[in-house]
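I am attaching a structure below and will ask some questions about it afterwards.
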Amino acid sequence: MSGTKNGRSPRSVALVGPYSSGKSTLFEALLDAAGAPVKRPADPRNRPMTTEIRLGHCNYLGDAWSILDCPGSIEFAYQTWSALAVVDIAVVVCEPAPAKAAMVAPLLKTLRDEGVPHIIFINKIDTLDGSIADTLASLQAYASSPLVLRQMPIFEGQTVSGYVDLMSERAYRYRKGEASELMQIPPAMLADEQAALGRLVETLADRDDTLLEKVLEDVKPTPDELYRDMRKDLLDGAVIEVLVGAAEATHGVRRLWKALRHDTPAPAETAARKAIDQRGPALAQVFRTAYAGHTGKLSYARIWSGTIPDGAQLGGTRLGGINHFVNGDLIKIPEAKEGDIVAFGRLDGVPTGATVSPGGQPDALPFPQPTPPVYAMAVTTTDRKDDVKLSGALHKLAEEDASLFITQDGETVLHGQGEMHLQTTVEHLARDYGLKLATRKPAVAYKETIRKRVHEHGRLKRQTGGHGQFADVKIEIAPRARGEGFQFIDKVVGGAVPRNFIPAVGDAAEEATRKGPFGFPVVDVSVTLVDGGFHSVDSSDMAFKTATQIAMKEGLAKADPVLLEPVDHVTVSVPNDYTARAQRLLTGRRGQILGFAERSDWPGWDDVEALVPEAEIHDLIIELRSQTLGLGTYRRRFDHLAETRAVP
Ligand SMILES: Nc1nc2c(ncn2[C@@H]2O[C@H](COP(=O)(O)OP(=O)(O)O)[C@@H](O)[C@H]2O)c(=O)[nH]1
Ligand SMILES: [Mg+2]
């Protein structure tokens, strides 16, 4: 096994958690505590939202680490899911307020479903209002394994000034920017501390008979026994250890490092968890693609086994550089070792998610799929000359971000995970591609149909110079049932219209349905050619087409035309506290509720089903999220076209 100077392979940790819980602050604090240079924002209180994974490398007590600061917003969650597919451990960063506990629910579920070992770091402990037990209980409601609190905050007046480490039964006073200082456990805390330690031991004893015997015989276990059990249970997902701190003041950051150093699985353990065979040739997986200005394409990858040197042949391309990130800058390294997370240069043609090996094409490892889009925006270039540039840029963007979808059906529409996601995308296009774009609500695909059967006569008779034009058609236009489409029927008898002109009539009738009296495509009509007339010299395909167009235009207008709007089948998913609210929201948008049921495999969540006009769905996600702590989501599929009086 390759590794750093003490023989251990590099390991990786992803910082995940709700928006604004302090992941980016913790990222910087961890790097800082490891002695790595780190760029901090000018105004830490006004820190920009993280919209892309930030990677940092450092050494802590002789071990090499990759740290991934992940976006917290649900709109950028696909990046977080991608990071979770490759790291050894995740730290769930959250806040102590019980009201915010629900925000970690989807994350805890994903971590459990994917089997990613994780610990919880309750950040902003300086804002703890009430007891840590309340925080823990509120989080426990969304976790399917028992939470084990490892540290009890020590209060001095209203302020948290330090903590008791339960396993070692030692108390520490926080010191800003430095290691905490050993102190006496405050006597007033002893009873609580003993109770918390008792709970910790009991939880671990549930999965360890030797420990259970000690508990029953009232023998005190050694800290080493507890450390060993904790690590094992964490790897099995049987318990979730909980640490506390305040990233901003670097409180509890060294304690978190200790836990990571001890408990993070070795790359071989992670590979085993993912059933990756490490005996074959070196193996890596790309989990993120970024185009970084002059650097060109960067493919962030995890090395699952072996060593990959610069210049290796990967996925049919010669590798152009292997990089670490130090202080936000790319630092070239000669080779990437098992366990490392690096940025590969110039892997053209290798997409995000790809599994690559210098030994040829390996079997693909699983990689998460993006969730379907929930928000769309049409874009146009303000300068028409930029149109070609736009389609090139969009192509690259789709490569960088699989949760972004692009359609080009009449207008260019970006489909993504929310308003912020698409705004960030448009800003990215402006900043990195120099593209000025105007955005607007995408057009709804209205259609029209008719409700009355009509007969119409179309006649073309033109004498221009020598050769004239002549055609005469009698058609019947009739409504068909919804979804039946267009149909042309030929009922001409006795050669009133010669056979060879009939296809031209059919084509012209169909063409005329592309734009009806309201300006939208006409659907579900039949056109029957019943009679007509011709001239042996002046008739032609063109003449019959024109006569048919005349008849169709007048006929459709008289046939009681009506506008049709697309109606989607929508499934809204929310924690069941919000079910009634979701129903009201849908009814308010002309939705017809079909019912609701428990969301399968999502305890505590409901699925509300409804039929909702597409015109009402555009900003549904914005209202849904604002009413559900950002947790609500929906999926949709086209259901039917319905008559409407709504004016588009
Ligand atoms: N009170 C307090 N605020 C913090 C702490 N850590 C971070 N913050 C603040 O929380 C806000 C969000 O932090 P950030 O690191 O950007 O959160 P992220 O969205 O999870 O990356 C910023 O204003 C930070 O200054 C902490 O330990 N205590
Ligand atoms: Mg952040």
Side-chain angles (χ1 to χ4, degrees), residues 13-33 38-56 67-84 87 90-108 111 118-130 132 135 139 151 153-155 158-163 172-178 180 242-257 288 325 328 417-418 420-421 424 625 629-630:
V13 49
L15 308 180
V16 297
Y19 167 56
S20 200
S21 57
K23 299 173 293 299
S24 297
T25 311
L26 182 61
F27 173 81
E28 289 150 17
L30 282 167
L31 288 170
D32 196 50
V38 57
K39 278 197 190 90
R40 286 206 165 78
D43 175 8
R45 287 263 143 192
N46 247 326
R47 181 181 284 284
M49 182 176 68
T50 309
T51 59
E52 293 174 347
I53 292 172
R54 197 159 49 134
L55 179 57
I67 310 178
L68 287 83
D69 176 19
C70 297
S73 157
I74 188 78
E75 301 193 21
F76 303 95
Y78 184 62
Q79 293 205 42
T80 304
W81 305 153
S82 306
L84 291 177
V87 291
V91 174
V92 178
V93 182
C94 62
E95 296 186 43
K100 293 191 174 177
M103 291 167 79
V104 296
L107 194 55
L108 289 177
L111 290 164
H118 53 289
I119 63 186
I120 292 179
F121 183 75
I122 302 177
N123 188 38
K124 306 195 187 183
I125 200 67
D126 52 301
T127 67
L128 176 64
D129 180 18
I132 192 74
T135 306
L139 289 167
Q151 296 165 289
I154 298 174
F155 277 93
Q158 298 296 316
T159 339
V160 177
S161 61
Y163 63 92
Y172 295 87
R173 179 176 288 111
Y174 288 134
R175 290 188 302 175
K176 190 167 177 160
E178 284 180 72
S180 308
V242 181
L243 298 168
V244 304
E248 203 163 53
T250 70
H251 292 160
V253 172
R254 281 179 174 78
R255 180 57 46 167
L256 173 62
W257 257 130
R288 163 168 157 74
F325 281 89
Q417 308 299 325
M420 242 182 332
H421 179 212
T424 308
R625 285 189 178 139
L629 269 183

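Keep in mind that the numbers below use all heavy atoms, side chains included, and drop hydrogens, waters and symmetry copies. For ligands, and for the atoms within them, numbers begin at 1 and follow the listed sequence.
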Round to 10° and report the angle made at the Mg ion (ligand 2) by OG of S24 and OG1 of T50.
-> 80°

Based purely on interatomic distance, does D69 place a nitrogen or oxygen under 3.5 Å from a nitrogen or oxygen of ligand 1?
-> no

Contact check: Y19 vs ligand 1, nitrogen or oxygen atoms, below 3.5 angstrom | no

Should L108 and H118 count as side-chain neighbours, where that means a heavy-atom distance under 4.5 Å?
-> yes

Contact (N/O only, under 3.5 Å) between D126 and ligand 1 | yes

Using 2.8 Å as a strict upper limit, say whether an N, O or S atom of M49 approaches the Mg ion (ligand 2) that closely.
-> no

Among P18, G22, C94, closest by heavy atom to atom 17 (O) of ligand 1 is G22

Among T50, T424, I53, whose side-chain contact (heavy atoms from CB on, under 4.5 Å) with F76 holds?
-> T424

For ligand 1, is there an atom lying under 4.0 Å from some heavy atom of V93?
-> no

Does ligand 1 have an atom under 4.0 Å from some heavy atom of A247?
-> yes

Using a 4.0 Å heavy-atom cut-off, say whether T127 meets ligand 1 through its side chain, its backbone, both or neither.
-> side chain

Could you tell me whether R255 sits above the aromatic face of Y172, with NZ or CZ closer than 6.0 angstrom to the six-membered ring centre and within 45 degrees of the axis?
-> yes

